[in-house]
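This report refers to the structure that appears directly beneath it.
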Amino acid sequence: MQFPIKNKSFVFLPYFVALIVVSLIFMNSISNFSGKKYIPPPVYSDEHQYLAMSVNIFEYKIISHDDPRYGKDKVAPAWYREPLYPILLSLSFNFIKWDKFNYKECIYSNYDSKCNNLYKTAYTFNLLIYFLIFFSSLIILHKKIIASFFLIFIFCVIDPANTISNFAPELLSSLILIIFSYTLYLSMIKKKNNILFLILSGFSFAALIYIKNIFYYLSLLLILISFFLLLANFINIHFARKLKFHFNLKIIARIMIISLLAIILVLPYQIRNLFNFGETSLTKRGPEVLTLRNEFLNFSYEELNDGFIWYLNNFFNFKDEYIKNKIIDTDFKFYEQNDSSFYRAYNRSYGYIISRINNSYNKNFKSVEDIAIKGETDLLTKFNIETYLRNIPKQIYISLVIFFRGINNHSYLYDNYSLSNFISDTLWYFIIFNLIFTFFLSIIKKNLFFFITGLPSIFFIFAMSSLTQFEPRFSYTIIHFCVISSILYLYDKKN
C-alpha cells in the first residue's frame, strides 16, 4: 500500500533522504583517515593490488599491479585482475594535490599520515558509487514511497561501512549489475527507444565483464542458447512444421544482440592481452582459481560436512568454543591459517592438483607461479578441467559448501557478534533466498520481469559456487540487487 501522492514533489523525498544518509556515513567515517586511526590494506592483498593498479594507471597510463616505485620503464603491463575499477578509481586521483609527497610510496608503506589523501579519495570514490546505487535503486522504485524508504532502511542495515571501505570492485559491480539487469529487461519490453535500451544493456554488460570476468561466460552461454533456439525455430518453420514453441523470438534475438555487443566491446582488451601475453582471456587468474577450487577435492565428505558448521554465521557467539577448538587443530583444512588448509595447500607442491601433476608428468612444480614461469599454464588448465569433470558428483556437493561460504559474512566473528550483525545476517538470508525462489517461480509462472532481471544474479551465484571458492565479499556484487528484487516481489504480492 502506498501513500496517495497529492504533491508530486513528494516522490523526490526518498532521494533527498538517501543523500542525507550517504552524507552522514561520509561524515561519520572520514575521521578514521586522520592520525593513526586508519589501517590501510595489507601489502599484496586484493585491495592493495587494486590500489597499486590505480596508481600505475594514473601515473604511467599502464594497467599493472607492479610496485609504482619501480618507475615507468620497469612497470610492466599485467592482466592478473579486471581493469575497470582501478581505471575509474585512477580518474578520481585528479582531484588530489600530489605535490606535497611521493604518493607512490603509500602503496607499499604500512602507514604514513601523508597518505591520507590517497585513502580518503579511494573511500570517497566508493561512497559516490554507493550513492549511485541508492539513486539507481530509487529510480526503479520511483513513486513507490513506502518501498523506497524500506529500501533505504535495508541498505543502511546491511553493513554499508564494510562495503564502502573495501577498496575492491564489488561495490562498482553491484551498481553495474543493477543497471544491466533493468536495462536488459527494458530492452525486452520497450517499443519506443528500443535501440537505446539495447545499446545501454550491451554497454553495461560489457562493463560488468570488465569488472567481473565470470560474466563473460554468461555472454557466451546466452549467445549459444539463443543461437540454438533460433535455429530450432528456423528448422521447425521450414521443415518440421509440427513443433510448438512457446518462446518469444524477438526477446531471444535481442538477448543475442546484447550479448554480441558486450563481446565486441570486450574484444579490444582481449587483443591487448593477445599482443602482450599471447592470451585472449581477460585475466590470467582462471587456472589459479580453478586450482584453488579443486583443492576441495582433497576433503572427505565428512570433512566437507564440517564446512557447513564452520561457514555458518556465528549467531550470538554460539560457535565460540567450536571455533577455538578448530583453530588449534592443525589438520583442520577450513581454517585458512593452517598449512593444510585449502587456501595454503593449493599453491604448494603438496596441494591436490600440483602434487598430481608432478606425479603424472614427472615434474617438480612448487607453486602455481612456478608453473606459469616454466610456461606450463596450459598443462595446469587442462589438468584442472579434466580433474573437475572426473569428479562431478563430489563437485556438486562441494558447490553447496562453497555457496554456504559465500553467503555468510560473519562465520569467523569470534566473541564479538552483535544484534546489528544478527539483523543484517537475517535480512541477507531472506533477500538471497527470496531471489532464488522468485527466479524459479518466474519460470513456472512465466513472469518475464523477475526472470530477466534475476538471470545475471542467479548465474553469478551458480558460477561462483560451482567454479570458484566464492569469497564472502564477492556476494556484495548481488546484495543490493537482491534487496531491490525482494522489495519489488513483496510489493507485487501486495498489489
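The analysis underlying the following values was restricted to heavy atoms, covering all of them including side chains, and did not include hydrogens, waters or symmetry mates.
Side-chain contact of Tyr322 with Asp306: a donor-acceptor pair under 3.5 Å is present, judged by distance alone. Side chains of Tyr216 and Glu82: no donor on one and acceptor on the other come within 3.5 Å. The closest side-chain donor-acceptor pair between Asn314 and Asp320 falls under 3.5 angstrom. A side-chain N or O of Tyr397 and one of Asn305 form a donor-acceptor pair less than 3.5 Å apart. Checking Glu288 against Tyr346 by side-chain atom types alone, a donor-acceptor pair falls below 3.5 Å.
Remark: Ser204 OG to Leu261 CG distance equals 9.5 Å, nearest 0.5 Å. To the nearest 0.5 Å, atom OG of residue Ser360 and atom CD1 of residue Ile353 are 9.5 Å apart. In this structure, Thr438 OG1 and Ile443 CD1 are separated by 11.5 Å, a value rounded to the nearest 0.5 Å. To the nearest 0.5 Å, the span separating CG on Asn434 from CZ on Phe437 amounts to 7.5 Å. Once rounded to the nearest 0.5 Å, the distance linking CG of Leu128 with CD1 of Ile164 reads 11.0 Å. Distance check, rounded to the nearest 0.5 Å: CZ of Arg285 to CG of Leu290 gives 12.5 Å.
Looking at heavy atoms from C-beta onward, Phe342 lies in side-chain contact with Leu292 at the 4.5 angstrom threshold. A 4.5 Å side-chain heavy-atom check between Leu467 and Val289 finds every atom pair outside the cut-off. Under the 4.5 Å side-chain criterion, counting only non-hydrogen atoms from C-beta, His410 is in contact with Ser424. Taking the side chain as every heavy atom from C-beta outward, Glu59 and Val75 never approach each other to under 4.5 Å. Taking 4.5 Å as the limit, every side-chain heavy atom of Asn56 sits out of range of all side-chain heavy atoms of Ile63. Inter-residue side-chain proximity for Leu455 and Leu222 is flagged as met; some heavy-atom pair is nearer than 4.5 Å. Residues Pro77 and Phe277 form a side-chain contact, since some pair of their non-hydrogen atoms from C-beta on lies under 4.5 Å apart. Phe404 has its side chain within reach of Phe308: a pair of non-hydrogen atoms, C-beta onward, lies under 4.5 Å apart.
In this structure Ser399 satisfies the side-chain hydrogen bond (donor to acceptor under 3.5 Å, both in side chains) test together with Arg293, sequence neighbours excluded. Remark: Asn384 pairs with Thr291, Asn294 by the side-chain hydrogen bond (donor to acceptor under 3.5 Å, both in side chains) rule, at least two apart or across chains.
Relative ring orientation between Phe439 and Phe451 is described as parallel, the plane-to-plane angle staying below 30° on a 0-90° scale split at 30° and 60°. The aromatic rings of Phe460 and Phe470 lie perpendicular to each other, with more than 60° between the two planes, well past the 30° mark. Relative ring orientation between Phe334 and Phe296 is described as tilted, the plane-to-plane angle lying within the 30° to 60° band.
Arg405 and Glu336 get closest at one heavy-atom pair: NH2-OE2, 2.7 Å. Here the closest non-hydrogen pair linking Phe383 and Thr387 is O-OG1, 2.7 Å. When all heavy atoms of Glu170 and Phe474 are compared, the closest pair comes out as OE2-CD2, 3.4 Å. Smallest separation of non-hydrogen atoms from Ser349 and Asn358: O-ND2, 4.2 Å. Here the shortest heavy-atom pairing between Ile436 and Ile458 reads CA-CD1, 3.9 Å. Taking every heavy atom of both residues into account, Ala76 and Ser64 meet most closely at O-OG, 2.6 Å.
Judged purely by atom type and a 3.5 angstrom limit, Arg356 uses its side chain to pair as donor or acceptor with the backbone of Tyr352.
Ring centroid separation for the pair Phe422 and Tyr417 does not come in under the 6.0 Å cut-off. The ring of Phe134 has its center closer than 6.0 angstrom to the ring center of Tyr130.
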Derivation and outcome, ring pair (Phe, Tyr, Trp, His ring centres under 6.0 Å), residues Phe450 and Phe440: CA-CA 9 Å; Phe450 285 109; Phe440 287 104; over 10 Å; no
From CA spacing to verdict: side chain to side chain contact (heavy atoms under 4.5 Å, CB included), Phe155, Ile133: CA-CA 10 Å; Phe155 276 9; Ile133 289 173; 3.8 Å; yes
Tyr123 and Phe167: CA distance, side-chain angles, deciding distance, side chain to side chain contact (heavy atoms under 4.5 Å, CB included) verdict: CA-CA 7 Å; Tyr123 180 83; Phe167 302 136; 4.2 Å; yes
CA sep, side-chain torsions, deciding dist, call: Ile407, Ser475, side chain to side chain contact (heavy atoms under 4.5 Å, CB included): CA-CA 6 Å; Ile407 66 169; Ser475 64; 5.6 Å; no
Derivation of the ring pair (Phe, Tyr, Trp, His ring centres under 6.0 Å) call for Phe205 and Phe215: CA-CA 8 Å; Phe205 199 178; Phe215 283 105; 7.2 Å; no
Intermediate values then yes/no, side chain to side chain contact (heavy atoms under 4.5 Å, CB included), Ile478 and Ile432: CA-CA 9 Å; Ile478 59 171; Ile432 193 168; 4.1 Å; yes
Side chain to side chain donor-acceptor pair (under 3.5 Å) evaluation trace for Asn421 with Ser418: CA-CA 5 Å; Asn421 294 140; Ser418 64; 2.9 Å; yes
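Applying the side-chain contact (heavy atoms from CB on, under 4.5 Å) test between Met256 and each of Leu230, Leu224, Ile225 identifies Leu230 as the sole match. Residue Asn408 forms a side-chain hydrogen bond (donor to acceptor under 3.5 Å, both in side chains) with just one option from Trp428, Tyr429, Tyr311, and that option is Tyr429. A side-chain contact (heavy atoms from CB on, under 4.5 Å) with Leu172 is found for exactly one of Asn126, Leu88, Leu177, Thr477, namely Leu88.
Cation-pi contact between Lys333 and Phe299: present, with separation from the ring centre below 6.0 Å and deviation from the ring axis of at most 45°.
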